[in-house]
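One structure is given here, and the rest of the page talks about it.
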Amino acid sequence: MDDHTQMSWKEDTVIGQLHNSVDNVTFAVGEAFTNPTERAIQNARNMIERAERSVTMALESRGELEPISTLQEQLNQDKEKLNKLNVQ
């Protein structure tokens, strides 16, 4: 029999890690806009790649939960913002 407390703890951990990853993207993209050097832009791209892997793992392990979908949308918005910086 599954321990529901353990499952909830694991779910909270996955979502917490994803939240941190997406927050790191938001920060890195903001830094790239403040100081648009190649290094800052590359750092933001790297953070986006990590966050995308985190989203994929969260979706595979937890499915389409609301917190995951919300964080995925935030990640997509940050990606679009970074892409606009690259176009300028």
Side-chain angles (χ1 to χ4, degrees):
M1 183 174 198
D2 288 331
D3 181 355
H4 294 290
T5 304
Q6 184 73 7
M7 289 173 62
S8 177
W9 177 81
K10 286 181 181 179
E11 185 174 296
D12 290 345
T13 300
V14 167
I15 292 171
Q17 290 171 341
L18 177 57
H19 201 289
N20 288 339
S21 188
V22 172
D23 284 348
N24 289 340
V25 167
T26 301
F27 179 78
V29 170
E31 287 290 310
F33 264 84
T34 302
N35 184 19
T37 63
E38 185 57 38
R39 183 176 183 189
I41 292 168
Q42 187 59 48
N43 183 52
R45 287 181 187 140
N46 292 343
M47 293 291 178
I48 288 169
E49 287 177 20
R50 287 186 200 124
E52 286 178 329
R53 286 193 300 269
S54 294
V55 166
T56 299
M57 290 183 342
L59 288 171
E60 288 173 356
S61 66
R62 300 293 167 224
E64 295 280 339
L65 296 176
E66 174 56 32
I68 296 171
S69 299
T70 301
L71 290 167
Q72 186 176 28
E73 179 58 33
Q74 181 181 340
L75 176 60
N76 289 337
Q77 290 172 0
D78 286 334
K79 282 173 53 176
E80 288 177 25
K81 186 175 180 181
L82 185 63
N83 287 337
K84 289 178 184 175
L85 177 66
N86 288 333
V87 169
Q88 294 176 349

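All values derive from a computational prediction rather than experimental measurement.
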Point to revise | Glu31/Arg39 ion pair, N-O < 4.0 Å | key: no

*Pair Thr26, Gln74: side-chain N/O donor-acceptor within cut-off below 3.5 Å*: yes

Discussion item. Do His19 and Asp23 make a side-chain contact, defined as non-hydrogen atoms from C-beta onward lying under 4.5 Å apart?
Written reply: yes

Scanning both residues in full, the closest heavy-atom pair of Ala51 with Ser21 reads CA-OG, 3.1 Å

The reported gap from CG in Asn76 to NZ in Lys81 (rounded to nearest 0.5 angstrom) is 15.0 Å

When Glu73, Glu52, Glu49 are each screened for salt bridge (charged side-chain N to carboxylate O under 4.0 Å, His left out) with Lys79, the one that passes is Glu52

Open item on the list: Quick check: do Asn20 and Gln17 have side-chain heavy atoms less than 4.5 Å from each other?
Closed with: no

In terms of heavy-atom contacts, Ala32 and Leu85 come closest through O-CD2, 3.5 Å

Rounding to 0.5 Å, atoms OG1 (Thr13) and CG (Leu18) come to a distance of 12.5 Å

Heavy atoms of Met47 and Val25 approach each other most closely as O-CG2, 3.3 Å

Here the gap from Leu82 atom CG to Gln77 atom CD, rounded to the nearest 0.5 Å, amounts to 14.0 Å

Hydrophobic clustering (ILVMFWY, side-chain heavy atoms < 4.5 Å, transitive) - are Leu65 and Leu59 grouped together? yes

Ile68 and Gly63 have their tightest heavy-atom pair at CD1-O, 3.6 Å

Donor-acceptor check, side chain of Ser54 to backbone of Arg50, threshold 3.5 angstrom: yes or no? yes

**Prompt:** How about Asn46 and Gln42: does a side-chain donor come under 3.5 Å of a side-chain acceptor?
**Reply:** yes

Between the CD1 atom in Ile41 and the CG atom in Asn35, the distance rounded to the nearest 0.5 Å is 9.0 Å

On a heavy-atom basis, the closest approach of Asp78 and Val22 is OD2-O, 4.2 Å

